[in-house]
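Input: a single structure, listed below in structure tokens.
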Amino acid sequence: MASSTPPPLTTTKSYQNHHLPHHHHNHQTHPHNHRQSVHHHQWTSLKKPPPRHAAKPPPGPTTTTTTSTSTNPNFPSLSSLPPSTKSDLSADFSGRRSTRFVSKLHFGRPKTGFASRHTSSAEEALHLAIRHRSDDNNSSHIDSLLLNFQHKLSGTDDYTFLLRELGNRGEYSMAMRCFDFAVRRERRRNEQGKLASTMISVLGRLGKVDLARKVFDTAVVEGYGNTVYAYSALISAYAKSGCCDESIKVFETMKSCNLKPNLVTYNALIDACGKGGAGFDLASEIFDEMLGNGVQPDRITFNSLLAVCSGVGLWETARNLFSEMVYRGIEQDIYTYNTLLDAACSGGQMDVAFEIMSEMPTKHILPNEVTYSIMIRGCAKAGRLDKALSLFNEMKFAGINLDRVSYNTLLAIYASLGRFEEALSVGNEMESMGIKKDVVTYNALLDGYGKQGKYDKVKELFSEMKGERLSPNLLTYSTLISVYSKGGLYKDAMEVYNEFKQKGLKADVVFYSKLIDALCKKGLVESSALLLDEMTEKGIQPNVVTYNSIINAFGQSATVECPDGIIESLVQSSPSVFFREENDEDDSIIKIFDELAAENSCHSKQDNRIGQEISCILGVFQKMHNLRIKPNVVTFSAILNACSRCNSFEEASMLLEELRLFDNQVYGVAHGLLMGQRENVWMQALSLFDEVKQMDSSTASAFYNALTDMLWHFGQRQGAQLVVLEGKQRHVWENTWSDSCLDLHLMSSGAARAMVHAWLLNIRSVVFEGQELPKLLSILTGWGKHSKVVGDGTLKRAIETLLVGMGAPFRVAQCNIGRFTSTGALVTAWLRELGTLKVLILHDDRKYTGTATLELRPPFQTIPL
DNA sequence: TTAGGGTTAG
């Protein structure tokens with residue numbers, strides 16, 4: 001799979017990992033083969049090595065460089081784990097689906113399971129503090145309460161109990177007052193230090209990392225903060241807020257103060273890698289450093305490493321880590337299993353996930369509500385909604401109560417399907433169980449109704465939410481702004497945006513990406529480019545999602561030149577170094593909405609903005625490359641979709657050819673198939689298809705849809721059919737066909753049309769083998785690829801045209817306008833007609849004959865669309 | 001010091 005063409009214009013190697021073959025070293029002297037004693041249990045060294053050692057040759061080198069194996073023979077470095085993926089493609093192409101980490105964290109998880117040595121007076125004080133809390137955020141009553149109790153409370157244990165319990169109830173300002181009170185009355189530094197670490201930990205748990213930092217800084221200045229505990233607590237606080245860089249800075253400071261990091265410190269750091277999305281390499285380095293310093297990893301270390309894998313989509317690595325745990329005699333717990341399951345689910349390995357889940361009871365670890373949430377979400381993402389819903393029943397049957405997350409998950413599934421009655425009834429059940437709807441619940445409903453264009457309902461829910469005194473958050477606002485923009489309700493979008501600003505909330509990359517996407521979908525590339533500038537100036541780096549949205553906007557119509565300035569601004573190589581101060585005059589979002597709302601009201605010709613040449617994509621791609629934003633499979637699909645919207649074969653083929661310089665495997669396949677060089681690229685194509693199969697079903701089907709659409713569009717119809725059959729064979733679309741039914745829903749029109757031909761040919765061979773066809777034959781189109789959009793019958797119309805053009809006897813079913821039916825007898829008769837085979841067999845317009853000549857098939861063979 | 005939910009690209 002090595003590239004025949006070197007990447008261009010580049011000093012970095014960011015694309016080369018697409019081409020690197022794996023190094024299968026066969027070193028007999030690999031450290032794994034020489035493991036001897038194991039620190040946990042003597043007997044583990046007698047056990048068989050884990051299957052990976054038996055089944056695979058010793059793994060090749062990885063990126064980390066370390067000498068820890070020599071300093072710690074008990075615990076080899078993780079760099080001896082097998083490669084994280086067998087893929088020849090880079091992990092970037094397959095991509096992690098989420099680019100936001102911080103908001104995925106949920107703060108306020110109560111601290112449980114610690115043995116507290118507090119007195120009953122402390123409990124009494126807590127109950128009084130809670131009972132008398134006021135709604136207006138005024139926590140001053142706790143001061144007098146503490147004064148009353150100070151003689152009954154017996155030292156640090158009581159105060160740390162109060163801090164933790166107030167923290168568990170979200171009462172951080174009361175906790176802060178309690179902390180100030182306790183520190184003031186304490187003279188012993190080490191006791192003050194304990195209070196400070198507890199306070200930092202409590203604040204970190206609640207996501208108040210800036211406040212935690214203040215407590216820490218004060219503690220250091222006042223001479224009781226320079227402890228491993230305080231540093232570890234601060235590292236953990238940054239970890240919980242997803243601030244990996246900050247965690248590492250604190251860690252470095254800690255070392256420069258000659259404090260020796262311990263197991264908790266290292267675990268918190270690895271946790272920070274997971275939550276901050278730092279990638280496995282960094283976590284692995286920290287792990288190695290830990291070993292080098294003689295700190296032995298434990299269950300939590302491995303659980304946190306697993307979480308890193310799950311976050312960045314390294315399923316294979318997660319599996320290997322799990323084996324490593326077993327091999328090392330480190331016991332697994334429910335966290336281990338849930339995290340492993342999460343890694344499997346996000347790696348699209350649902351079957352494996354179910355297998356793992358079924359093994360849990362044999363290890364005496366019973367699935368809990370977290371396990372079920374993970375599995376349900378995995379099923380839902382993989383498009384197995386029936387399975388997701390049945391898991392809820394299984395869960396109830398197993399006597400596991402649905403909690404807030406489970407209810408919200410279930411509700412979100414229904415809302416995303418537009419099944420609002422069921423969504424609302426889940427909401428009611430949830431409330432009847434004493435769980436109030438929260439921001440997440442409302443965000444799911446707003447998104448669901450918004451996607452269906454039910455704007456009145458959106459407005460109603462938004463005010464209902466505020467009526468419940470729930471505070472809309474960043475996601476609420478970005479959902480609403482995107483919904484309104486896509487619906488062309490720019491005035492509403494602007495109002496929501498103003499409210500968002502008044503709240504003092506800060507936009508992030510997802511906020512901008514979502515808005516850019518919405519504007520791109522309206523063909524407003526110019527405005528999108530403006531926003532791209534603005535976000536960069538604000539110090540918010542666009543990511544692959546942002547650019548994918550922009551790429552999607554190209555080729556919407558191939559008639560208009562790129563407006564002056566757009567490309568320059570999209571492609572300019574150096575983003576502004578100076579961050580802009582925020583003020584309204586400078587706010588592009590307001591300007592844009594203002595203008596659009598005005599145009600809207602005088603019915604201006606906004607559609608004229610649509611239409612960019614797809615050759616511009618090359619510039620955008622180059623810009624991504626310069627910014628080291630790695631294109632992924634969605635970028636690929638977006639580019640192919642742009643090609644399908646372009647009528648110029650030359651432009652499309654040139655674009656793909658140029659893109660080969662960036663990634664020869666991926667774009668080489670697309671280009672080769674387009675040019676009719678099937679024999680040359682088919683092996684590469686098959687391995688690309690195998691890679692895509694590893695992704696979740698919607699990503700995979702988007703890939704096949706885009707590729708077949710493009711091939712069909714440019715007349716490479718036999719090629720399109722071969723591709724679509726590969727997709728079918730890999731179960732990209734579920735239950736595609738039987739002798740009696742062809743299900744085309746979730747397919748693009750190109751994929752669907754190629755599939756109809758293939759299915760009819762298959763049926764024909766059934767007939768010619770002398771078998772009888774079923775009495776009734778159906779072709780289902782659903783609502784096409786955008787099946788969530790009510791009333792979008794593009795696919796249905798394309799299939800109808802195709803069937804009529806072939807003279808096939810299928811007709812729209814009376815009871816279901818998305819279904820074409822015919823009788824077996826009629827279809828048999830038609831298939832036996834002389835001319836039928838000819839219209840069924842697809843041809844390619846272009847065949848590559850080894851030289852640069854094109855072989856065009858004669859026009860009389862043309863099959864009508 | 002460890003696990004699950006909301007958002008973006010198709």
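Just so we're clear, the structure is a prediction, and the values are computed from it rather than from any experiment. Below, read A as the first sequence line, B as the second, and so on, with proteins coming before strands; counting in each chain starts at 1.
Between A:Lys521 and B:dG10, a side-chain N or O to OP1/OP2 separation shorter than 4.0 Å is present. Residue A:Lys451 has a polar side-chain atom (N or O) positioned under 4.0 Å from OP1 or OP2 of B:dT8. An OP1 or OP2 oxygen of B:dT1 is reached within less than 4.0 angstrom by no side-chain nitrogen or oxygen of A:Lys240. OP1 and OP2 of B:dG4 both lie 4.0 Å or more from every side-chain N or O belonging to A:Arg404. Note on A:Ser201: a side-chain N or O is less than 4.0 Å away from OP1 or OP2 of B:dT1. For A:Asn543 and B:dT8, the shortest distance from a side-chain N or O to OP1 or OP2 is not below 4.0 Å.
Looking at the side chain of A:Lys275, the nearest of the listed nucleotides B:dA3, B:dT8, B:dT1 is B:dA3. Of all nucleotides listed (B:dG4, B:dG10, B:dG6), B:dG6 comes nearest to the side chain of A:Arg377. Closest to the A:Arg299 side chain, of the nucleotides B:dG10, B:dT7, B:dT2, is B:dT2. Distance from the side chain of A:Val439 is smallest for B:dG6 among the nucleotides B:dT2, B:dG6, B:dG4. Of the listed nucleotides (B:dG4, B:dT1, B:dT2), B:dG4 has the atom at the smallest distance from the side chain of A:Val370. Relative to the side chain of A:Val440, the nucleotides B:dT8, B:dT2, B:dG6 differ in distance, and B:dG6 lies closest. Nearest to the side-chain atoms of A:Asp342 among the listed nucleotides B:dG10, B:dT2, B:dG4 stands B:dG4. Distances from the side chain of A:Val545 to the nucleotides B:dG10, B:dT8, B:dA3 place B:dT8 closest. Of the candidate nucleotides B:dT1, B:dA3, B:dT2, B:dT1 has the atom nearest to the side chain of A:Ser236.
The distance from atom OH of A:Tyr442 to atom P of B:dT7 is 17 Å, rounded to the nearest whole Å. A:Asn267 places its CG atom 11 Å from the P atom of B:dT1, with the value rounded to the nearest Å. Look at CG on A:Leu391: it is 13 Å from C1' on B:dG4, rounded to the nearest Å. In this structure, CG of A:Asn705 is placed 12 Å from P of B:dG10, rounded to the nearest angstrom. Rounded to an integer number of Å, the gap from CZ of A:Phe287 to P of B:dT2 is 18 Å. Atom P of nucleotide B:dG6 and atom CD1 of A:Ile374 are separated by 12 Å, given to the nearest angstrom. For A:Leu505 and B:dG6, the CG to C1' distance is 15 Å, given to the nearest whole Å. Regarding A:Leu470, its CG atom lies at a distance of 18 Å from the P atom of B:dG6, rounded to whole Å.
In this structure, a donor-acceptor pair under 3.5 Å is present between the side chains of A:Asn443 and A:Thr476. With 3.5 Å as the limit, one finds no donor-acceptor pair spanning the side chains of A:Asn552 and A:Ser549.
Among the protein residues, A:Asp447 comes within range of the sugar-phosphate backbone only, with heavy atoms under 4.0 Å from sugar or phosphate atoms but none that close to a base. In this structure, A:Ser232 reaches neither bases nor backbone, as no heavy-atom distance under 4.0 Å exists between it and the strands shown. A:Lys437 comes within 4.0 angstrom of nothing in the nucleic acid, heavy atoms only. Using a 4.0 Å heavy-atom distance criterion, A:Ser513 is classed as making no nucleic acid contact.
A donor-acceptor pair is defined here as one N or O able to donate and one able to accept, closer than 3.5 Å; such a pair exists between the side chain of A:Ser644 and the backbone of A:Met710. Judged by distance alone, with hydrogens and angles left aside, the side-chain atoms of A:His713 form no donor-acceptor pair with the main-chain N or O of A:Asn641 at under 3.5 Å. No donor-acceptor pair under 3.5 Å is formed between the side chain of A:Ser236 and the backbone N or O of A:Ser232.
A parallel orientation is assigned to the rings of A:Phe511 and A:Phe500, their planes being inclined by less than 30° (bins at 30° and 60°).
Every side chain to side chain donor-acceptor pair (under 3.5 Å) that A:Asn267 has, sequence neighbours left out, goes to A:Asp298, A:Thr301.
Between the side chain of A:Ser637 and the base of B:dG10, no donor-acceptor pair under 3.5 Å is found. Between the side chain of A:Asp403 and the base of B:dG4, a donor-acceptor pair under 3.5 Å is found. Donor-acceptor pairing under 3.5 Å, judged by distance alone, is absent between the side chain of A:Asp333 and the base of B:dA3.
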